[in-house]
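Only this structure's heavy atoms are used, side chains among them; waters, hydrogens and symmetry mates stay out. Since the structure is predicted, the reported quantities are computational estimates derived from the model, not experimental observations.
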Amino acid sequence: MADYRQMWNDLGMDLESHDVLCNVLPVAFGDVYLSQENRPAAMDFWDMVVADVHGIRPAELIEAQKNGQKVFGTFCVYVPDEVVIAANGIVTGLCGGSDFWVPAGEAVLPKGTCPLIKASVGARLSKTCPFFRIADMYIGETTCDGKKKAWEILGKDVPMYIMDMPQMKREKDIVKWTEEIKDFSKMIQEFTGNEITPEKLAEAIKTINAKRAAMERVYNARKDKNIPISGKDALLMTQIAFFDDPVRCAQMCNRLADELEERNKNGISVFPAGTKRIMVSGTPMAIPNWKLHHIIETVGGAVVCEETCTGTRYFEGQVDETKTTLDEQYRAIAERYMGINCACFTPNTGRIDDIIRLAKEYQVDGVIDVNLKFCCLYDTEGYTVEEALKKEGIPVLGIETDYSDADAEQLRTRIEAFIEMLG
């Protein structure tokens with residue numbers, strides 16, 4: 001492992017506090033991941049990334065900045081990566097998934113704010129995450145009230161651009177989102193100094209489509225009755241995808257998919273026959289939030305699908321590659337992103353349809369619908385989700401949690417009972 005302390009110091013990080021975080025993460029990763037048996041060999045890439053999660057990629061981003069590229073930090077799957085890449089920019093995810101950052105977030109936010117928002121703000125203000133220090137600009141979006149206020153706080157500390165999300169999915173809302181993407185494109189071009197042409201945008205669309213297709217191959221392998229990869233490993237792949245170079249991400253995901261497809265042919269599973277297949281739906285699980293998957297997979301279940309922003313919502317649906325003018329391309333991008341079914345929309349019947357479809361495609365025995373504490377949107381929608389699944393005869397367990405381990409044993413008891421109930 002290389003020594004990145006000088007790099008972290010140059011970024012103005014709090015090295016003493018960062019050392020505490022760096023001492024905790026390897027232990028947590030070892031307990032959750034390296035304790036698994038019969039893991040796919042291709043997971044060595046993601047193991048390597050996590051081992052140097054605050055070193056390898058940050059160093060690449062800093063080198064790119066020296067060569068004139070701009071880095072944009074994003075917090076949501078609705079921000080169109082294609083536009084940034086077309087202007088020779090780089091996108092990196094910034095959502096915080098660790099309880100370590102929550103106290104710093106609570107210093108400026110109400111305790112009744114969801115842990116993802118508190119951790120994300122805390123990661124910046126505590127100066128303990130290099131990605132938050134490196135980004136030249138943050139891109140926010142209006143998907144929830146908590147985020148809207150968080151952007152005001154972060155905007156005092158770093159350049160912030162906010163995209164205004166429609167709240168419905170009518171034709172006029174797609175038109176509005178198309179115009180929002182056009183405005184975003186103008187800002188990106190001004191900030192980077194690089195023009196976005198139809199040719200550059202077409203290439204960027206293909207790049208991100210290829211990344212999505214590669215990730216989908218991994219997920220398709222999970223549909224098999226054989227279970228070739230743990231849910232924890234699949235989740236890690238998706239979490240890192242938000243940070244990684246998109247071309248490399250596609251290569252590594254395809255490499256993993258090749259192995260999983262071969263495993264399915266040979267009947268190589270990471271779980272015993274008869275292990276109950278679980279789908280997790282609901283709020284996203286930003287790195288290093290592995291708690292729920294770890295509990296499920298140590299009490300007799302196997303997570304085979306995630307209907308979350310760190311799951312199918314991230315990669316399902318391609319941008320139409322046949323468009324040749326910027327106006328057509330922006331419209332195609334808008335249509336693809338408006339196809340994501342987040343709880344911020346009303347009505348949101350599309351998400352219910354997705355959950356039922358995915359439950360059948362992945363042959364699940366039950367669904368665990370998870371809500372991060374104080375996320376009003378997903379908490380409220382949980383009632384509709386449970387009602388729809390029960391109508392379909394699909395067992396469902398609704399739970400609420402946060403990033404701490406205080407409720408781990410309680411969750412373990414409830415989830416174990418749910419899996420036993422599946423028979």
Side-chain angles (χ1 to χ4, degrees), residues 76-78 143 168-170 173-174 209 211-231 234-235 237-238 241 253 257 260-261 264 275-285 292-293 296 301-320 332 334-371 377-399 418-419 422:
C76 184
V77 296
Y78 283 106
T143 49
M168 302 180 76
K169 292 190 176 185
R170 301 159 298 185
D173 297 306
I174 298 176
N209 275 349
K211 170 181 168 178
R212 294 190 186 109
M215 295 178 69
E216 190 160 23
R217 279 189 65 202
V218 172
Y219 266 66
N220 284 341
R222 301 170 77 193
K223 294 178 181 179
D224 196 274
K225 268 297 184 183
N226 188 64
I227 306 177
I229 185 173
S230 69
L235 175 64
M237 174 200 78
T238 307
C253 290
L260 300 187
E261 289 164 5
N264 283 341
T275 299
K276 296 304 177 182
R277 302 169 62 89
I278 304 297
M279 179 169 79
V280 172
S281 65
T283 45
M285 298 176 185
L292 185 63
H293 277 55
I296 293 170
V303 180
V304 296
C305 179
E306 296 83 13
E307 183 278 323
T308 66
C309 295
T310 44
T312 56
R313 282 185 230 135
Y314 184 50
F315 62 79
E316 280 199 331
Q318 299 275 31
V319 176
D320 187 345
E335 288 176 349
R336 185 269 161 188
Y337 281 86
M338 285 291 282
I340 301 171
N341 291 311
C342 172
C344 67
F345 288 100
T346 183
N348 196 27
T349 54
R351 181 171 170 239
I352 304 301
D353 294 339
D354 281 347
I355 292 173
I356 293 172
R357 168 180 61 84
L358 292 167
K360 294 176 179 178
E361 288 181 5
Y362 288 82
Q363 307 178 68
V364 306
D365 296 298
V367 174
I368 295 180
D369 189 51
V370 62
N371 178 66
L377 293 171
Y378 281 93
D379 195 11
T380 303
E381 196 162 272
Y383 171 80
T384 309
V385 170
E386 292 185 33
E387 185 181 50
L389 286 169
K390 288 174 181 176
K391 187 177 180 180
E392 290 288 326
I394 301 171
V396 56
L397 172 66
I399 63 172
F418 176 67
I419 291 172
L422 297 178

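Proximity of Q318 to E216: side-chain heavy atoms (C-beta onward) are nowhere separated by under 4.5 Å. Between K360 and E392 there is a side-chain heavy-atom pair separated by less than 4.5 Å. Between M237 and V218, some side-chain heavy-atom pair lies under the 4.5 Å cut-off. Side-chain atoms of K169 and F345, non-hydrogen and from C-beta on, do get closer than 4.5 Å to each other. In this structure, E307 and V367 have side chains that are not in contact, with every pair of non-hydrogen atoms separated by 4.5 Å or more.
A donor-acceptor contact shorter than 3.5 Å is absent between the side chain of N341 and the backbone of N348. Not a single donor-acceptor pair under 3.5 Å links the side chain of T143 to the backbone N or O of C344. Put simply, the side chain of R222 never gets that close to the backbone of L260: no donor and acceptor are under 3.5 Å apart. Side chain of R277 to main chain of Q363: a donor-acceptor pair is present (N/O by atom type, distance under 3.5 Å, no hydrogens or angles).
Only one option out of T312, I355, T308 pairs with M279 in a side-chain contact (heavy atoms from CB on, under 4.5 Å); it is I355.
Atom SG of C253 sits about 8.5 Å away from atom NZ of K211, to the nearest 0.5 Å. To the nearest 0.5 Å, atom CG of residue N264 and atom NZ of residue K225 are 12.5 Å apart. In this structure, the separation between CD1 on I394 and CD1 on I356 is 6.0 Å, given to the nearest 0.5 Å. Atoms CD1 and CD, from I352 and E381 in turn, are 5.5 Å apart once rounded to the nearest 0.5 Å. Annotation: the span from R313 atom CZ to L358 atom CG amounts to 10.0 Å, rounded to 0.5 Å. We find the CD1-CG distance between I419 and L397 to be 9.0 Å, quoted to the nearest 0.5 Å.
E361 and R357 are joined by a salt bridge, as a carboxylate oxygen and a charged side-chain nitrogen come within less than 4.0 angstrom of each other. With respect to the salt-bridge test (charged N to carboxylate O, under 4.0 angstrom), the residues D369 and K390 do not qualify.
Looking at every heavy atom in both residues, D365 comes nearest to L422 through O-CD2, 3.5 Å. The heavy-atom pair separating Y314 from V77 by the smallest distance is CD1-CG1, 3.7 Å. Here the closest non-hydrogen pair linking I296 and V280 is CD1-CG2, 3.8 Å. Taking each heavy atom of I174 and A334 in turn, the nearest pair found is O-CB, 4.2 Å. Closest heavy-atom contact between L292 and I368: CD2-CG2, 4.5 Å. Heavy atoms only, all atoms of each residue included: M168 and M338 are closest at O-CE, 3.5 Å.
The closest side-chain donor-acceptor pair between N220 and R217, if any, does not fall under 3.5 angstrom.
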Discussion item. Working note: D354 + R351, criterion salt bridge (Lys or Arg N to Asp or Glu O under 4.0 Å); need CA distance, chi angles, decisive distance, verdict.
Written reply: CA-CA 5 Å; D354 281 347; R351 181 171 170 239; over 6 Å; no
